[in-house]
Undergrad: 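Quick one: this structure, given as structure tokens, is what I'll be asking you about.
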Amino acid sequence: MSIEITFPDGNVKSFDAPVTGLAIAQGISPGLAKKAAVIKVNDELWDLTRPIDRSASVSIVTRDKPEALEVIRHDAAHVLAQAVQELFPGTQITFGPATEVGFYYDFARDTPFTDADLESIEAKMREIVKRDLPITREIWPREQVLEFFQTTGERFKAEWVSEGIRPDEEISIYRQGEKWLDMCLGPHLPSTGKLGTAFKLIRVGGVYWRGDAHNAQLQRIYGVAFATDDELKAYLKQVEEAEKRDHRKLARQLDLFHQQEEAPGMVFWHPKGWAIWQAVEQYVRGVYRKSGYQEVRGPQIMDVSLWKKSGHWDNYHDNMFFTESEKRTYAIKPMNCPGHVQIYNAGLHSYRDLPIRYAEFGGCHRNEPSGALHGIMRVRAFTQDDGHIFCTLEQVEGEVTAFHQQAMQVYQDFGFDDIAVKLALRPDKRLGSDEAWDRAENALRAALRAAGVAWEELPGEGAFYGPKIEYHMKDSIGRSWQVGTMQFDPMMPERLNAEYIDEQSQRQRPIMLHRAIVGSMERFIGILIEHHAGSLPFWLSPVQAVVAPIVSDADGYAEEVCALLKDAGLRVETDLRNEKINYKIREHATQKIPVIIVVGRKEAEQRSVTLRFRGVDAQETLSLDEAVQRLKTLR
RNA sequence: GCCGGGAUAGCUCAGUCGGUAGAGCGACUGAUUCGUAAUCAGUAGGUCGCAGGUUCGAUUCCUGUUCCCGGCACCA
């Protein structure tokens, strides 16, 4: 038997017997063999130790390649599992994949792992790496695997063999050293020593077996892993930087808002935080105006019967707040759409009136599970930049493409330029027929196509009343946030009896489009704070400039400058405290004020000001008039 | 909601192996008028999250609870 191995450069080499990737690499150079992590065989990643038993085109994947990194991380998960079982006998193993920056492994053990355990586990992992145990792949018959896991008390593994793996699937077992093994698809490095030292266990958390809240609770140990120590160091540094821009921390430092026990998941906006809100709201209001929306306002609470009619009660009553008065139960609104339908229904509409676009900064309350709350990113009381468009099916495409343009402009104006568009399709729990869903999903697809954007489809992620387009934006440190949405809803008009009169004087159901660009004001402001690390752009800064006199003789002039800038529409304050200019500059720089305006005797005499811009040490002195003009252009 | 951890002055944190607490910054008062990232001195400030229990005595130990943090689940 002859095996032909084709290399990336087109060279072909014949072997008489099956040959391993390691042998091939060694045949090329010992250096390559050392750097090799896995081998790509006909576009499939294989272990270096797995014999290649047929002709194939191959390429050696060295450890510096992204594909190798995933294998390194996956290996780290297995080394973690072995370390845990060596240290804590009786702990059951389940799954442990690679993640975006590292790996995790889920364990079943009655006693919780502590931070101290994490340290000793990591030490044990390093020991296993040092032992440089060979990692070998074996194929076992299904019965043998099942029996093995049953006799070793690995209940979860055994369950997976019988419930998660198709009977005709080949089961590979990876042995790490003499005794320890795990069932795994692979591939893996040839030995534990190849893992290297660039890994670190970071935390432990609870998870559900197979991701289902009805199942047993497991403990997941998370780690990060890289090909080199430098990359690990860089990653840890980046985490530290991310912590510094935590919106909860910055809110305290910059006095933007606070939250307290009596109102969990709600926000107390301080003057400076509310100034940011106002800036965002005024901006969005301008978008409403320019794009043909009429602003409206519905009531905060409405009789529960309305929510039963709309379908919200059936789907979400566990997450709704209720209140009672005179034997009637009211729901505190979790959404604005039923209110907008009432406004629509208050008049009779001709097809000529459509589309009708309503907008509202709609305050909503949702009783989110306590464990979901997070600063102002996930709250129980929030405000949507909500809008509803009542239109005909034919008008949907035009409305969706127009919305797309508006949304993209808004994200750009706020400093976000990396936007991903996704289409969330029918969920299991839903209203309406499959035909209606086909129509709805296809209408959105057509609109996206017309808008000329690429999108990703998310099966099962749609709202119960219709599919939705989602806008995900990446922030300055690469995290993705779902903000805007455009939802197609034929159900709500039906359920709440919305109609218009068509050309033939017949009553028709309009289509309802739900749309939001920033989504939740609270969350969007949280994202803005973290994206800009608290240094908001001039137009969003709560205090845009501080006028700081050097000596008290200049106080009067400072107040004059401040008044002038306020007249020009800027948010300005004076700092007349009896402190040195150094102290004032330090403080306002720390407060991330975009412009510090210093005035001393000289400026007061010359009617000039000295400007110091955030992040720039150099100062500029210019006349008061010039300065006002200059700052006005930043607004 | 579930698993784990936490809660000490306005903020950041130390401390008490059970004998009711301390620093820095901030605040306040006074002095200082000093040209680009912290002037000096003094003063005040805490039911040690809340409720029970054990104890002669609990901020400390135990139980419960609320909220926060991390993870999972959820997210109209």
Side-chain angles (χ1 to χ4, degrees), chain A residues 104 106 109-115 117 202-222 246 248-249 252-253 255 258-265 307 310-320 333-338 364 366-375 377-380 382 384 424 427 429-431 461-466 468 482 485 487 489 491-492 514 519-520 523 548-555 578-591 596-603 610-612 616-619 621:
Chain A
Y104 65 77
D106 294 344
R109 178 181 182 236
D110 291 339
T111 321
F113 291 113
T114 64
D115 286 349
D117 291 338
I202 49 171
R203 68 174 68 92
V204 52
V207 295
Y208 299 107
W209 166 238
R210 294 164 83 166
D212 188 330
H214 302 291
N215 289 345
Q217 187 115 30
L218 308 173
Q219 295 183 68
R220 177 173 295 176
I221 297 179
Y222 286 89
D246 187 312
R248 295 162 299 191
K249 204 168 180 169
R252 223 172 293 128
Q253 279 164 15
D255 195 17
H258 85 271
Q259 296 176 280
Q260 66 186 48
E261 247 186 73
E262 289 81 356
W307 302 100
S310 71
H312 289 97
W313 196 89
D314 283 339
N315 283 278
Y316 290 106
H317 68 273
D318 282 344
N319 295 306
M320 288 167 68
K333 77 172 150 125
M335 284 192 93
N336 307 300
C337 34
C364 295
R366 293 181 187 174
N367 197 0
E368 303 285 4
S370 56
L373 304 180
H374 179 89
M377 300 293 201
R378 186 83 183 268
V379 285
R380 290 195 174 134
F382 61 99
Q384 292 174 311
K429 206 173 157 190
R430 59 178 183 262
L431 302 176
E461 303 271 304
F464 71 89
Y465 48 69
K468 55 183 183 180
Q482 205 249 106
T485 181
Q487 309 180 359
D489 179 6
M491 311 300 167
M492 209 61 55
H514 307 241
S520 147
R523 181 175 147 89
I550 293 168
V551 290
S552 49
D553 286 354
D555 283 2
N578 176 12
E579 296 290 352
K580 286 186 169 178
I581 195 64
N582 283 314
Y583 181 90
K584 294 182 183 179
I585 284 170
R586 181 185 152 78
E587 180 155 304
H588 299 122
T590 314
Q591 286 293 306
I596 301 171
I597 302 171
V598 177
V599 293
R601 285 203 187 89
K602 203 168 64 193
E603 283 83 357
T610 298
L611 301 184
R612 193 190 159 106
V616 183
D617 283 342
Q619 322 140 32
T621 302

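Lettering of chains follows the sequences in order, A, B, ..., and the numbering in each one begins at 1.
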Undergrad: Report yes if at least one side-chain N or O of A:K580 is closer than 4.0 Å to OP1 or OP2 of B:rC40; otherwise report no.
TA: no
Undergrad: Just N and O in the side chain of A:N315: are any of them under 4.0 Å from OP1 or OP2 of B:rA76?
TA: no
Undergrad: At under 4.0 Å between heavy atoms, what does A:K468 touch on the DNA or RNA strands: base, sugar-phosphate, or nothing?
TA: sugar-phosphate
Undergrad: Check whether any side-chain nitrogen or oxygen of A:Y222 sits under 4.0 Å from OP1 or OP2 of B:rC72, and answer yes or no.
TA: yes
Undergrad: Without decimals, in angstroms, what is the distance between A:R378 CZ and B:rG71 P?
TA: 13 Å
Undergrad: Should B:rG45 form a Watson-Crick or G-U wobble pair with both distances under 3.5 Å, which nucleotide is its partner?
TA: none
Undergrad: Look at all strands and tell whether A:E603 reaches a base, only sugar-phosphate, or nothing, counting heavy atoms closer than 4.0 Å.
TA: base
Undergrad: Does B:rG1 have a Watson-Crick or wobble mate here (both distances under 3.5 Å), and if so which one?
TA: B:rC72
Undergrad: Assign A:V551 to base, sugar-phosphate, or nothing according to its heavy-atom contacts below 4.0 angstrom with the strands shown.
TA: base
Undergrad: Hey, does the side chain of A:R366 reach the backbone of A:N319 with a donor-acceptor pair shorter than 3.5 angstrom?
TA: no
Undergrad: Please classify the nucleic acid contact of A:G311 as base, sugar-phosphate, or nothing, using heavy-atom distances under 4.0 Å.
TA: nothing
Undergrad: Do A:R366 and B:rC75 share a donor-acceptor pair, side chain to base, under 3.5 Å?
TA: no
Undergrad: Could you state the NE2-P distance from A:H588 to B:rA38, rounded to the nearest angstrom?
TA: 14 Å
Undergrad: Is the phosphate of B:rG70 approached by A:H374 (side-chain N or O, under 4.0 Å from OP1 or OP2)?
TA: yes
Undergrad: Suppose we define a pair by two distances each less than 3.5 Å, Watson-Crick or G-U wobble; what does B:rU12 pair with here?
TA: B:rA23
Undergrad: If the plane angle is over 60° it's perpendicular, under 30° parallel, otherwise tilted; pick one for A:H312 and A:F464.
TA: perpendicular
Undergrad: May I ask which nucleotide in the shown strands pairs with B:rG52, Watson-Crick or G-U wobble, both distances under 3.5 Å?
TA: B:rC62
Undergrad: If I compare all heavy atoms of A:D555 with all of A:V551, which pair ends up nearest, and what's the gap?
TA: OD1-O, 3.8 Å
Undergrad: Check every strand shown and say whether A:R203 touches a base, only sugar-phosphate, or nothing at a heavy-atom separation below 4.0 Å.
TA: sugar-phosphate
Undergrad: Does the ring of A:Y465 lie flat against the base of B:rA76, closer than 5.5 Å centre to centre with planes under 30°?
TA: no
Undergrad: For a quick check, with a 4.0 angstrom heavy-atom cut-off, what is the B/S/- contact string for nucleotides 1-15 of chain B, read 5' to 3'?
TA: BBBS------SS---
Undergrad: Figure out the CG/C1' separation between A:L373 and B:rA73, and round it to whole Å.
TA: 14 Å
Undergrad: Roughly, in whole Å, what's the span from OH in A:Y104 to C1' in B:rG70?
TA: 16 Å
Undergrad: Strictly by Watson-Crick or wobble contacts shorter than 3.5 Å, is anything paired with B:rC67, and which nucleotide is it?
TA: B:rG6
Undergrad: Just checking A:D110: does its CG atom have more than 12 heavy atoms from other residues, nucleotides or ligands closer to it than 6.0 angstrom?
TA: no
Undergrad: Distance check needed: B:rC25 P versus A:Q253 CD, whole Å only.
TA: 17 Å
Undergrad: I need the minimum non-hydrogen distance between A:M335 and A:Y465, along with the two atoms involved.
TA: CE-OH, 3.5 Å
Undergrad: Classify the side-chain pair A:E603/A:T621 by whether it contains a donor and acceptor separated by less than 3.5 Å.
TA: no
Undergrad: Could you tell me whether A:Q259 contacts a base, only the sugar-phosphate backbone, or nothing, with contacts defined as non-hydrogen atoms closer than 4.0 Å?
TA: nothing
Undergrad: Donor-acceptor pair, distance only, cut-off 3.5 Å: does the side chain of A:Q487 make one with the backbone of A:A463?
TA: no
Undergrad: Given A:D246 and A:R248, is the salt bridge (charged side-chain N to carboxylate O under 4.0 Å, His left out) satisfied, shown in steps?
TA: CA-CA 5 Å; A:D246 187 312; A:R248 295 162 299 191; 2.5 Å; yes
Undergrad: Can you find a side chain N or O atom of A:R248 that sits less than 4.0 Å from OP1 or OP2 on B:rC69?
TA: yes
Undergrad: With a non-hydrogen cut-off below 4.0 angstrom, is A:G375 in contact with a base, only sugar-phosphate, or nothing?
TA: sugar-phosphate
Undergrad: Take the protein atom NZ of A:K584 and the nucleotide atom C1' of B:rU39, then report the distance between them rounded to whole Å.
TA: 13 Å
Undergrad: Please state how far atom OH in A:Y583 lies from atom P in B:rG35, giving the value in whole angstrom units.
TA: 18 Å
Undergrad: At 4.0 Å (heavy atoms only), tell me whether A:D318 reaches a base, stays on the sugar-phosphate, or touches nothing.
TA: nothing
Undergrad: Please state how far atom CD in A:E579 lies from atom P in B:rU39, giving the value in whole angstrom units.
TA: 7 Å
Undergrad: Treating A:Q591 as the side-chain partner and A:Q253 as the backbone partner, does any N or O pair qualify as donor plus acceptor under 3.5 Å?
TA: yes
Undergrad: If you assign each of A:G265 and A:G211 to its closest nucleotide in RNA chain B, which residue comes earlier from the 5' end?
TA: A:G265
Undergrad: Under a 3.5 Å cut-off for both distances, is B:rC40 Watson-Crick or wobble paired, and to whom?
TA: B:rG30
